[in-house]
Amino acid sequence: MEDARPVAAETMIDASDPALSGEVSGYSGAARAHIFVALGSLFVGVMLALVAATQLVLPDAFSGVGMLSYGRVLPTATNVLIYGWLTIGLIGAAYYIVPKVAGVELQYEPLARVGAVLLAIGVLAGADGIALGWSEGRNYLEMPLWADLFIVLGLLIAVRVISATISDRTNREMGPALWFLGAAPVWLLLAFIVGNIPGLVGINSVVQTAFYRGAVVGLWLSVAGFGVVYYLIPKITGRSAAKPTKLAVMGFWSLGFVWAFAGAADLTYTPAPGWLQTIGVVFSIVLFLPLALLMTDLVGLMRGHWGQARDRMTIRFIGAGAILLLVMAVINLLQALRASNAVVGYTSWGAAFEYAAFYGAFTLWLAAFIYDSAGDLLGGVFKPSVARGHYRLTTFSLTVILATTLIGGLQTGFLWIADANTPEDTVAYGVGWKAVVESLQPHYWIIFLALVLFVFAQVRFAAGGVAAAINARPADPELSDLDDVDSSDVEAAGLSLIHISEPTRPMKESRIPSYACKRGGGGG
């Protein structure tokens, strides 16, 4: 079987940069295994989320099926997306990026493959445990402890493999991509262990959960996500790997310090001590500082290189993810401030944060990485129409979902306040409760319809990844169908398609986006 792949002309390669030289491709069976598990988890997670949304508009749709009841299927979907799609996927991205930037092969690759199996078992067992009613009842920590054990072991392996690879790097100067991708798994491991310490009850358990909520988003997903972005932006602009800057240093340490404490925003108007609630407010405000530092630094990497970007679609994914990250910070702040929490607290604003984070920012960043690296990781490439459709449907549906969810939260909060100030005070039952529920019904229908579009986009994306891996039919590059790569740019770059026998080792990385052409055999 032959394989047609785009390769870069030697003049396009900076041999002094291990990340671009092609000496270390970044391909590994471990990275590939993690990405395939992640794509499967994405499919399962969004389908379960759709089942949950269906029950808000058609309450009897799955009546009598305990495993598909709303209280079980929604946390199951959330955990599959956090740990199966995002966590396993970002670890796979780290296994690909760290060797390329460090200039060495991935260390302990057989062990890394074992880690993929352990993480997959942990997510599957944990999801089944929640669906069967064995949930621990804490946000993002619902999985039973025996399932958590597999995840801890998988994370230990990830920390060991990534740390060893970074330690053996040939280029002694560590860039931001290595900082973020090296620190993120360590912080997740520590946070996951602390969050799952058993025996805490009452307000102590609430504080523990609030800390973990901030840690999993701020110390893991955000940090690993920035590591991916710090790799992608220099690559798609044709410059060398990002160098350390003062902005990057300050952004790295301040992000790691601030966001974990910003999780205390969940404690406003709870029995938690007043000083702890104030910490949530203060750090939710300060959170904008590291985000501003890092985004300013990333924009600086693009300065003078906008016209050289050979992949504008990846930039769109990254930009949309950055905007949603800022939306998350705004929602977190308004939930922390006492004045605004009095209105939006305990409303659908909590769900809006999850949509912006798990369905939005980090999903877009991880998808950008998979599109860009599919030629190496999956052995094939995505159709251009898949990438464009995925971006457009995802951003449109998320915009509708977020707007509707935020408006619905405001409406709910003001209805509660109005009813609580009446002599009848029926906010929790009777006429007042009925008014709240009925007012939200149109919102649920809008969210359901938008979520159908979102699920369709993600299913098509996951299916496109599988098709890229198994497609061996000859095909010409669909450059005419791209809106992010001009044929003249490709021709000027000296790029061409060549046919070679099935490689026994990874080839040099393409300098055009991996979804710009199809993998195929035969024909020329």
Side-chain angles (χ1 to χ4, degrees), residues 3-6 25-49 80-81 83-97 113 116 119-120 123 225 228 231-232 311 313-314 316-318 321 358-360 362-395 453-473 475 477-478 481-482 484 506-507 509-510 512-521:
D3 190 16
R5 292 191 181 187
S25 72
Y27 171 84
S28 70
R32 179 184 173 95
H34 280 76
I35 295 302
F36 273 122
V37 173
L39 289 173
S41 299
L42 175 64
F43 174 81
V44 174
V46 295
M47 294 303 294
L48 291 174
V80 169
L81 288 173
Y83 300 106
W85 160 235
L86 293 173
T87 296
I88 295 179
L90 287 170
I91 290 174
Y95 285 164
Y96 179 88
I97 294 171
R113 298 190 190 195
L119 289 171
V123 172
V228 170
Y231 162 75
L232 286 176
D311 180 5
M313 185 58 70
T314 298
R316 290 176 188 144
F317 274 94
I318 294 173
F358 310 136
Y359 296 71
F362 307 124
T363 286
L364 289 170
W365 283 357
L366 182 54
F369 164 76
I370 293 174
Y371 280 125
D372 187 84
S373 307
D376 272 347
L377 281 176
L378 304 181
V381 292
F382 288 81
K383 293 182 178 180
S385 57
V386 172
R388 289 199 309 273
H390 185 205
Y391 172 78
R392 291 169 182 171
L393 284 178
T394 299
T395 53
L453 293 178
F454 178 86
V455 171
F456 174 76
Q458 310 318 309
V459 169
R460 193 178 181 211
F461 165 57
V466 175
I470 65 176
N471 179 28
R473 294 174 298 176
E478 300 182 18
D481 192 35
L482 283 173
D484 56 332
M507 296 184 61
E509 184 181 1
S510 168
I512 66 175
S514 60
Y515 49 80
C517 59
K518 293 182 182 177
R519 179 190 181 198

Close side-chain approach of Ile97 to Leu232, heavy-atom, < 4.5 Å: no
side-chain contact (heavy atoms from CB on, under 4.5 Å) evaluation trace for Asp376 with Arg32: CA-CA 9 Å; Asp376 272 347; Arg32 179 184 173 95; over 6 Å; no
Looking only at heavy atoms, which two atoms of Ala31 and Gly92 are closest? And how far apart? CB-O, 3.6 Å
Checking Tyr359 now: which residues fulfil ring pair (Phe, Tyr, Trp, His ring centres under 6.0 Å) with it, not counting sequence neighbours? Tyr355, Phe454
Those residues that, when tested against Phe456, pass ring pair (Phe, Tyr, Trp, His ring centres under 6.0 Å) (two or more places apart): none
Tyr391: what forms a side chain to side chain contact (heavy atoms under 4.5 Å, CB included) with it, not counting sequence neighbours? Met313, Arg316, Phe317, Ala320, Thr395
For residues Gly29 and Arg113, report the shortest heavy-atom separation together with the two atoms involved. CA-NH2, 3.5 Å
In short, Phe382 meets Gly465 closest at the heavy-atom pair CE2-N, 3.2 Å
All salt bridge (charged side-chain N to carboxylate O under 4.0 Å, His left out) counterparts of Arg460, not counting sequence neighbours: none
Where do Phe369 and Val228 come nearest, in terms of heavy atoms and distance? CB-CG1, 3.8 Å
Using the test side chain to side chain contact (heavy atoms under 4.5 Å, CB included), find all partners of Ala457 that sit at least two apart in sequence or belong to another chain. His390, Leu393, Thr394
Would you say that more than 12 heavy atoms from the other residues, nucleotides or ligands in this model lie under 6.0 Å from the CZ of Phe36, or not? yes
Counterpart residues, side chain to side chain contact (heavy atoms under 4.5 Å, CB included), relative to Val37 (two or more places apart): Ser41, Ile88, Ala120
Any non-hydrogen side-chain atom of Leu39 less than 4.5 Å from a side-chain atom of Trp85? yes
Sub-4.5 Å side-chain heavy-atom contact between Leu81 and Leu86: no
Going by heavy atoms in the side chains, are Tyr96 and Ile35 under 4.5 Å from each other? no
With a 4.5 Å limit on heavy-atom distance, are the side chains of Leu90 and His34 in contact? no
Any Gln458 side-chain heavy atom under 4.5 Å of Thr363 side chain: yes
Does the Trp365 side chain pair with the main chain of Ile318, one donor and one acceptor, at a distance under 3.5 Å? yes
